[in-house]
Amino acid sequence: MFSHSPIDWALLVLYFAVLGYVWLRARRASTRAVDYLVAGRAVTLPAFVATLVASWYGGILGVGEYSYRYGVSNWLVFGVPYYAGALLFAIFFARRARRAALYTVPELLQDHYGRGPGLVGALAVFAFAAPSAYVLMLGTLFASMFQLPLVPCVIAAAVFSIFYIQNGGMRSVVFSDQIQFVLMYAGFFLMFGFLVAKHGGLGYLQSHLPPAHFTWNGGNPPAAVLVWYFIALSTLIDPGFWQRAYAAENPRTAQRGVLTSIGFWILFDFLTTSAGMYARAVLPHLDKPVFAFPELARATLPAGALGLFYLAMIATVMSTIDAYGFIAATTLGRDVVGALTPAYAENHTTRNTKIALWISAAFACAVALAEPSVVEIWKLMGSIVTPALLLPVATAILGRGRLSPPVTLWAMVVPLALTLVWVLLGSLPLFGRTPGYPGAIEPIYIGLAASLLFYGTGWLMPSRARLAPQEIPS
């Protein structure tokens, strides 16, 4: 059970009352597409940093479990490769994305390669952005807090994370993310302070943890760590980054915002990795390490502080659900519908997106209940979508190395299909064989190899297979 303290319950009720206020304040918000989808392209640097930091860090229970099991390796698996991806985005893509002044990643693909690649990109982005892993995570947390079955808690997680952004769209996402940003850091700073005061610092951890918890791989095979460095390439096509770059007040804000966010992620990863390691030291025999943070909070924090820490976990996950749920809805309501019925989509973008918001929530719930592993959802979605989008998006925004629309379509569809087939080969006992990837090769390697083969061949072919370079300001 969550808590017996009225103070903790009061904090929880107050938080959801604030979200209700966010919903009410946006009831008369503008329905213009530029306002609803990208907040009028007027997001300032502090708001940009808060919304990007909060929305990109939703895997709080997964991080707790991984750092509980493997220690500082958590930082090298779920931290460093993604910092590198974010840095590359800031250097090469952020300013260009803002100058493009588009709404979505699929719109970029359609502008450069036509309707076919745009539609394939839209379907891929929808699957990637639907916040299935985070709905599962928040549902699992609710089930633990209130001692309820998982299914209604997953549905409640989706509903409570989506309703307050329906009226205001991106403006509501940015506003609520700023509140959630403050809560996530306040809660984890509080936890870290209590842990150090009660148990001591590094010396306590070194004397109470296995030596492998201080190694770079946590005792895992190096290949198990390396694969995440390839999956982290998904940062370059992450629609959350692109949407915020499109919404920034100017190109400089887009670039500086991403660079500043990296510093905040490093700080938050320090807090969460430390908390996970303390959880292992304080509670070495947890049956379910996925609950490392909730159990550590119950064992460590007094009333009031406990409620604030739970709010930190809830806010961290909800900020990601609302952001990516909105991206999935935008992709479905504008890009998928737009590829099929352009005139209708152009005139009804906001209404379509509001309807698609709930379709996206339902899809996320279905995937969450079908695959009860947060880390596997991350891994599968990143492995399947990244090879299909990485080179088409990168060459489009850089204006160099673009292939012709027909070749680009094949360069998207084939890697997507191959990774899907490889995932099926790895998970199903087909033809009497034991489940497992052939040759122990991860799906993302197959997809990236296919994509590179298409592009390498296209660059060597006659000029009709390529598009002329396009001058795009950096």
Side-chain angles (χ1 to χ4, degrees), residues 22-23 25-44 47-48 51-52 55 93-94 96-115 117-119 121-126 128-131 162-177 237-251 253-254 257 322-361 363 393 396-397:
V22 174
W23 175 72
R25 76 189 288 269
R27 292 180 68 180
R28 296 184 179 179
S30 169
T31 59
R32 292 192 313 153
V34 70
D35 291 316
Y36 191 78
L37 299 184
V38 289
R41 305 195 196 278
V43 176
T44 61
F48 184 103
T51 185
L52 184 60
S55 64
F93 293 172
R96 291 179 171 92
R98 179 58 185 88
R99 287 196 175 98
L102 301 173
Y103 292 100
T104 63
V105 171
E107 185 180 7
L108 174 73
L109 293 171
Q110 181 162 322
D111 281 359
H112 283 264
Y113 308 117
R115 186 175 299 182
L119 180 57
L123 295 173
V125 168
F126 175 79
F128 182 83
I162 291 296
F163 84 92
Y164 57 90
I165 66 170
Q166 183 175 16
N167 289 331
M170 186 62 178
R171 290 187 188 277
S172 292
V173 171
V174 172
F175 181 79
S176 60
D177 280 352
I237 50 94
D238 189 302
F241 277 69
W242 287 84
Q243 186 186 52
R244 278 147 187 78
Y246 290 147
E249 61 182 349
N250 55 53
T253 295
D322 67 32
Y324 283 86
F326 185 67
I327 290 166
T330 302
T331 303
L332 184 60
R334 178 180 174 82
D335 298 312
V336 175
V337 174
L340 302 175
T341 56
Y344 176 81
E346 187 65 30
N347 294 325
H348 300 88
T349 294
T350 299
R351 185 176 72 176
N352 292 347
T353 303
K354 289 182 177 181
I355 295 171
L357 200 57
W358 298 105
I359 298 174
S360 303
F363 177 82
V393 169
I397 199 65

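Scope of the values below: all heavy atoms of this structure, side chains included, with no hydrogens, waters or symmetry mates. A quick note: this is a predicted structure, and the numbers were derived from the prediction, not measured.
Within the cation-pi definition used here (under 6.0 Å to the ring centroid, within 45° of the axis), R41 qualifies as a partner of Y103. Remark: R27 qualifies as a cation-pi partner of W23 under the 6.0 Å distance and 45° angle criteria applied to the six-membered ring. For the pair R351 and Y36, the cation-pi test (distance below 6.0 Å, angle within 45°) is failed.
Closest heavy-atom contact between S55 and D177: CB-OD2, 4.0 Å. Taking both residues in full, the closest heavy atoms of P239 and A129 are given as CG-CB, 4.1 Å, listed atom of the first, atom of the second, then distance. Considering all non-hydrogen atoms of both residues, L37 and F326 come closest at O-CE2, 3.8 Å. Nearest heavy-atom pair across A26 and S172 is CB-OG, 3.6 Å.
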Next on the checklist: side chain to side chain contact (heavy atoms under 4.5 Å, CB included), that's the test. Do D35 and T31 meet it? Break it down for me.
Outcome noted: CA-CA 7 Å; D35 291 316; T31 59; over 6 Å; no

Checklist entry - Given D322 and S176, is the side chain to side chain contact (heavy atoms under 4.5 Å, CB included) satisfied, shown in steps? => result CA-CA 9 Å; D322 67 32; S176 60; 3.5 Å; yes

Next on the checklist: Set out, in order, the CA-CA distance, both residues' side-chain angles and the distance that settles side chain to side chain contact (heavy atoms under 4.5 Å, CB included) for M170 and R244, then state yes or no.
Outcome noted: CA-CA 9 Å; M170 186 62 178; R244 278 147 187 78; 4.0 Å; yes

Checklist entry - Could you go step by step and tell me if F126 and F363 meet the ring pair (Phe, Tyr, Trp, His ring centres under 6.0 Å) rule? => result CA-CA 10 Å; F126 175 79; F363 177 82; 5.0 Å; yes

Item to check | Test side chain to side chain contact (heavy atoms under 4.5 Å, CB included) applied to L109 and L119, step by step | outcome: CA-CA 9 Å; L109 293 171; L119 180 57; over 6 Å; no

Item to check | R334 vs E107, salt bridge (charged side-chain N to carboxylate O under 4.0 Å, His left out): CA-CA, chis, key distance, verdict | outcome: CA-CA 9 Å; R334 178 180 174 82; E107 185 180 7; 3.4 Å; yes

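Y324 and D238 share a donor-acceptor pair across their side chains, judged by distance under 3.5 Å alone. In this model, a donor atom of one side chain and an acceptor atom of the other lie less than 3.5 Å apart for T253 and N250.
With values rounded to the nearest 0.5 angstrom, I359 atom CD1 is found 9.0 Å from N352 atom CG.
Each of T104, I397, I327 was evaluated against W242; a single residue qualifies, I397, per the side-chain contact (heavy atoms from CB on, under 4.5 Å) test.
Here Y246 and F241 keep their ring centres 6.0 angstrom or further from each other.
In this structure, L102 and D111 have side chains that are in contact, with non-hydrogen atoms separated by less than 4.5 Å.
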